[in-house]
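One-based numbering along the sequence shown. Bear in mind that the values here come from a model prediction, so they are computed numbers and not experimental data.
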Amino acid sequence: METLEDKIKRFLAVSSGYGDGSGYGDGSGDGIMKSNGYDVYMIDGVQTIIYSIHGNLAKGAILQTNLTLKPCYIAKEGDCFAHGDTARQAMQDAHAKYMQDMPEEERIEEFVKAHPEYLELYPATDL
């Protein structure tokens with residue numbers, strides 16, 4: 001059976017994708033390495049503890065500067081991570097970061113796939 005530590009390593013793994021990868025979940029820590037018995041990971045520039053992972057969504061907490069924990073969700077899309085107070089917010093923010101890092105041509109292709117009805121209403125050049 002896969003341990004939480006194995007799931008975390010897989011969750012934080014990033015490929016060589018768009019951009020330089022800085023600020024994304026590399027799992028390395030500058031600063032506090034453990035808090036309340038949990039490992040602290042630097043995810044998207046934020047010290048984060050992960051309690052559980054389901055697919056590309058994790059439940060955890062942000063380690064704040066006063067050493068208190070703020071519950072959060074962490075979502076991953078591609079190599080982009082985002083924290084949110086709700087799962088929906090984290091997933092939306094991760095998707096926005098993912099789309100922002102994507103080359104323009106690929107963003108257009110994704111838009112066309114998601115909204116084919118617009119191609120019938122408007123010329124593609126208008127989009």
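Contact check on E109 versus K113 returns no salt bridge, with no Lys/Arg side-chain nitrogen under 4.0 Å from an Asp/Glu carboxylate oxygen.
Between I62 and L69 there is no side-chain heavy-atom pair separated by less than 4.5 Å. Side-chain contact check for L67 versus I32: some heavy-atom pair is nearer than 4.5 Å. Using a 4.5 Å heavy-atom cutoff, the side chains of T3 and K7 are not in contact. Residues Q100 and C80 are not in side-chain contact: their nearest non-hydrogen atoms beyond the backbone lie 4.5 Å or more apart. The shortest distance between side-chain heavy atoms of M33 and V40 does not fall below 4.5 Å. You'll find the side chain of I74 stays beyond 4.5 Å of the side chain of L57, heavy atoms only. Side-chain contact between E77 and M91 is absent, with no heavy atoms from C-beta onward closer than 4.5 Å.
The aromatic ring centres of F11 and F81 sit less than 6.0 Å apart.
Rounding to the nearest 0.5 Å places CD1 of I43 at 5.0 Å from NE2 of H83. One distance of note links CD1 of I49 with SG of C72; it measures 9.5 Å at 0.5 Å rounding. Between the CG atom of D93 and the CZ atom of R88 there is a distance of 12.0 Å, given to the nearest 0.5 Å. Between E104 atom CD and M99 atom CE the span is 11.5 Å, to the nearest 0.5 Å. For the atom pair CG (D101) and NZ (K97), the distance works out to 9.0 Å, reported to the nearest 0.5 Å. To the nearest 0.5 Å, the span separating CD1 on I108 from CE on M102 amounts to 11.5 Å.
Summarising the geometry of G45 relative to M42, their closest heavy-atom pair is C-SD, 3.4 Å, with the distance given to 0.1 Å. For the residue pair A82 and A90, the shortest heavy atom distance occurs at CB-O, 3.6 Å.
Between the side chain of T48 and the backbone N or O of V46, at least one donor-acceptor pair lies under 3.5 Å. Side-chain atoms of N36 never come within 3.5 Å of backbone atoms of Y38 as a donor-acceptor pair (strictly under, hydrogens ignored). Between the side chain of N56 and the backbone N or O of A75 there is no donor-acceptor pair closer than 3.5 Å.
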Step-by-step side-chain contact (heavy atoms from CB on, under 4.5 Å) determination, K59 to Y73: CA-CA 5 Å; K59 175 81 171 132; Y73 290 89; 3.6 Å; yes
CA sep, side-chain torsions, deciding dist, call: D85, K70, side-chain contact (heavy atoms from CB on, under 4.5 Å): CA-CA 9 Å; D85 292 333; K70 178 184 178 199; 3.4 Å; yes
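The cluster map of Ile, Leu, Val, Met, Phe, Trp and Tyr, joined by side-chain heavy atoms under 4.5 Å apart, puts V14 and Y41 in the same cluster.
The number of heavy-atom neighbours closer than 6.0 Å to CD of Q64, taken from other residues, nucleotides and ligands shown, is above 12.
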